[in-house]
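Counting starts at 1 for both ligands and their atoms, following the listed order. Positions are given from 1 along the sequence. This is a predicted model, so every value here is computed, not measured.
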Amino acid sequence: MCGIIAYVGGRDAQPILLDGLSRLEYRGYDSAGLAVHIPGALSVQKKAGRIAELTKAVARQPVRSTSGISHTRWATHGEPNDINAHPHLDQSGKIALVHNGVVENYQEIKAALSANGHTFHSATDTEVLAHLVGEHYATLGTLSGSSRLVTAVKAALGEVNGTYGIAVIHQDLPDVIVGARRGSPLVLGIGVDEQFLSSDAAALSPYTQKVVYLKDFDVVTLQPSQFDLQTIGEREASYEIRELDIKPEATERGAYPHYMLKEIFEQPAAIRNAMRGRIDKDTGTAHLGGLNLTNEQLRDIRRIIVLGCGTALYSGMVGEQMIETTAHLPVETDFSSEFRYRNTPLDNDTLFLVVSQSGETADTLGALREAQRKGHRVLGICNNVGSTIARESDGGVYMHAGPEIGVAATKSFISQATIFALLSLKLGRMRYLSAAAGHEIIDALEKLPAQVEVILQQSDHIKRIAEKYAHGRSMLFFGRQGNYPIALEGALKMKEITYLHAEGYPSSELKHGVIALIDPNTPSVVIAPHDSLYEKNMSSIQEIKARRGPVICLTTSDCAGADALIKIPSTLELLQPILNVIPLQLLAYHTAVALGRDIDKPRNLAKSVTVE
Ligand code: G6P
């Protein structure tokens, strides 16, 4: 949600900023802008629309500079247009600032600054922050050089409620960039005689593999061959330089028309990577070293609460059923955003699992902190190494799925579900699950990647189904037990990238309301593997057909009466949801293509929602 790139060094800044922004575009894409130092002034360009628009504007009037800041926006305050795009300038026009986050008390600050003669041009909270920095800078005439700007930034942030990742420059300090964070991610990239700031480490991978993940209240000053870290408040400044392990090509689209399709096709590898080194064939269990819990501690857990947003929550719902089945442990799932404000009764032996691909989702981070505040241990399941959630969790499991760029999550879901299968295996084997049952799960897990390949080969078949039903009014998704979250995820994918109305329901609930929606223009996708509830799903299909509703059936066997059939390989009932989601991702993808949608950057969404 909003992306920041800043650069100071010896190279031409504008191309680096634009390239970095294009790697961060998944974070927001309604407008973009940059500000670079030129002799005695700042050159600022801002454009509504995609980064391509900014790139065209820069190409018309390129300037040579060796430092600057840039931003791709997902609007919170003020509609997406050139004026509201970042960077924003202060009253003097000499300070430029980009911001990811929300200044909650901006109205109050704006009123005070207006009374002091400040004039504002945009509807954003960010412009107020730029003016506030400028106001402090003006009063600090006794200081000089970078310390004047850092002190002004710190003083301004001391007055701000809310969240921020920012980068700030002053026209008179051509080799200086100041960055700070609270609640929004910001990573320092260390090069040779050049330094970077980015909202996401992956965007820096073509330039450097050395990074520092900034912590809340860190304030960093970048100069070409050095950086200086300070903090706002009491905490002593400290940092750790980490080596990135991201190959630049991992963020390229390659020959695929869209990142989403590439990532769907990366799912066999995502499963293998989530399992690598974590299976113990001798004892029929899983090793998850990062949990930071002894076997005794794991055995003492009496209840698990899984928290996440969107796709991450639905993977948690798949995990809920897996853990309950194998370990007989009660598991609940909740939206992070709801949990953090609810006073849920909790016992000491409750373990929390937070699930987040990005590791930066503000609501999930808020929920994590709330659980920790109440004294609970929180484990994270994250993809983004070094992300805030990964760092603040008491332990956890990395997904190792590689960068996910498509806004609609696909391979991260598969990866999370695989990790839940491993976790359920581990928790089960230390409770009720026999060695034979453990081995059976491992055998089935190892077959999954090849079974996913079989489903992927049906992409063209699913495309034809998608084209037939793409112009309906709405689409319904039904599944039971472990496949209910798959129905929810299938509907979410359809909504996110096609803008069709879609709903996920347990098929058992069909009669209790949703049946009123069935008509010849409303296709129903029924997930009906040949499992313990197969016959019941077949009855649901008949009820839909009796009301002339078209049925797309996903099954491991036959499906009498279905208008379209997608056959999926069969695995254990416990793991079947992992396979069943893949045709639904492809169905959403091909439907969106048929409707001419912008697949990787669907309207109104952002991949990583770092504001509440
Ligand atoms: C946003 C995205 C969803 C994603 C959710 C959780 O809403 O649009 O696709 O599932 O955030 O993201 P996370 O990074 O926490 O998994």
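Ile414 is listed as a side-chain neighbour of Ile582, based on a closest heavy-atom distance under 4.5 Å. The closest side-chain heavy-atom distance from Leu423 to Leu353 is below 4.5 Å. Under the 4.5 Å side-chain criterion, counting only non-hydrogen atoms from C-beta, Asp82 is in contact with Lys47.
At the top of the distance list for atom 12 (O) of ligand 1, counting protein heavy atoms only, stands Thr361 OG1, 3.5 Å. At the top of the distance list for atom 16 (O) of ligand 1, counting protein heavy atoms only, stands Gln357 N, 2.7 Å. In terms of protein heavy-atom proximity, atom 5 (C) of ligand 1 is nearest to Cys309 O, 3.7 Å.
The contact set between ligand 1 and Thr311, taken as ligand atoms under 4.0 Å from a residue heavy atom, comprises 10 (O). Atoms of ligand 1 lying under 4.0 Å from at least one heavy atom of Glu496, given by number and element, are 3 (C), 8 (O), 9 (O). Atom numbering of ligand 1 starts at 1 in the shown order; those under 4.0 Å from a heavy atom of Ser356 are 13 (P), 14 (O), 15 (O), 16 (O). Less than 4.0 angstrom separates some heavy atom of Ala606 from each of these atoms of ligand 1: 1 (C), 2 (C), 8 (O). Close approach of ligand 1 to Val407 is summarised as follows: ligand atoms under 4.0 Å from at least one heavy atom of the residue are 9 (O).
There is a side-chain donor-acceptor pair under 3.5 Å between Glu320 and Thr333. Judged by distance alone, the side chains of His77 and Thr126 never bring a donor and an acceptor atom under 3.5 Å apart. Asn383 and Ser415 share no side-chain donor-acceptor pair at under 3.5 Å.
Considering backbone and side-chain atoms together, Thr364 places no N or O closer than 3.5 Å to any N or O of ligand 1. Checked by distance only, ligand 1 and Gly359 stay at 3.5 Å or farther apart across all their nitrogen or oxygen atoms. Taking distance alone, with nitrogen or oxygen atoms compared against 3.5 Å, Ser358 approaches ligand 1 more closely than that limit.
Counting heavy atoms closer than 4.0 Å to ligand 1, residue Val609 contributes side-chain atoms (C-beta onward) but none from N, CA, C or O. Looking at Lys607 against ligand 1, only its backbone comes within 4.0 Å, counting heavy atoms.
Judged by the shortest distance from any of its heavy atoms, Ala408 lies outside the 4.0 Å radius around the atoms of ligand 1. Residue contacts with ligand 1 leave out Leu605, since none of its heavy atoms falls under 4.0 Å from the ligand.
Atoms CG and OG, from Leu186 and Ser199 in turn, are 6.0 Å apart once rounded to the nearest 0.5 Å.
Between His99 and His86, the ring planes lie parallel to each other; the angle is under 30°, not in the 30° to 60° tilted range.
No salt bridge links Glu252 with Lys262; every basic N to acidic carboxylate O contact stays at or beyond 4.0 Å.
Here the options are Arg369, Arg182, Arg391, the test is salt bridge (Lys or Arg N to Asp or Glu O under 4.0 Å), and the partner is Asp216; only Arg369 passes.
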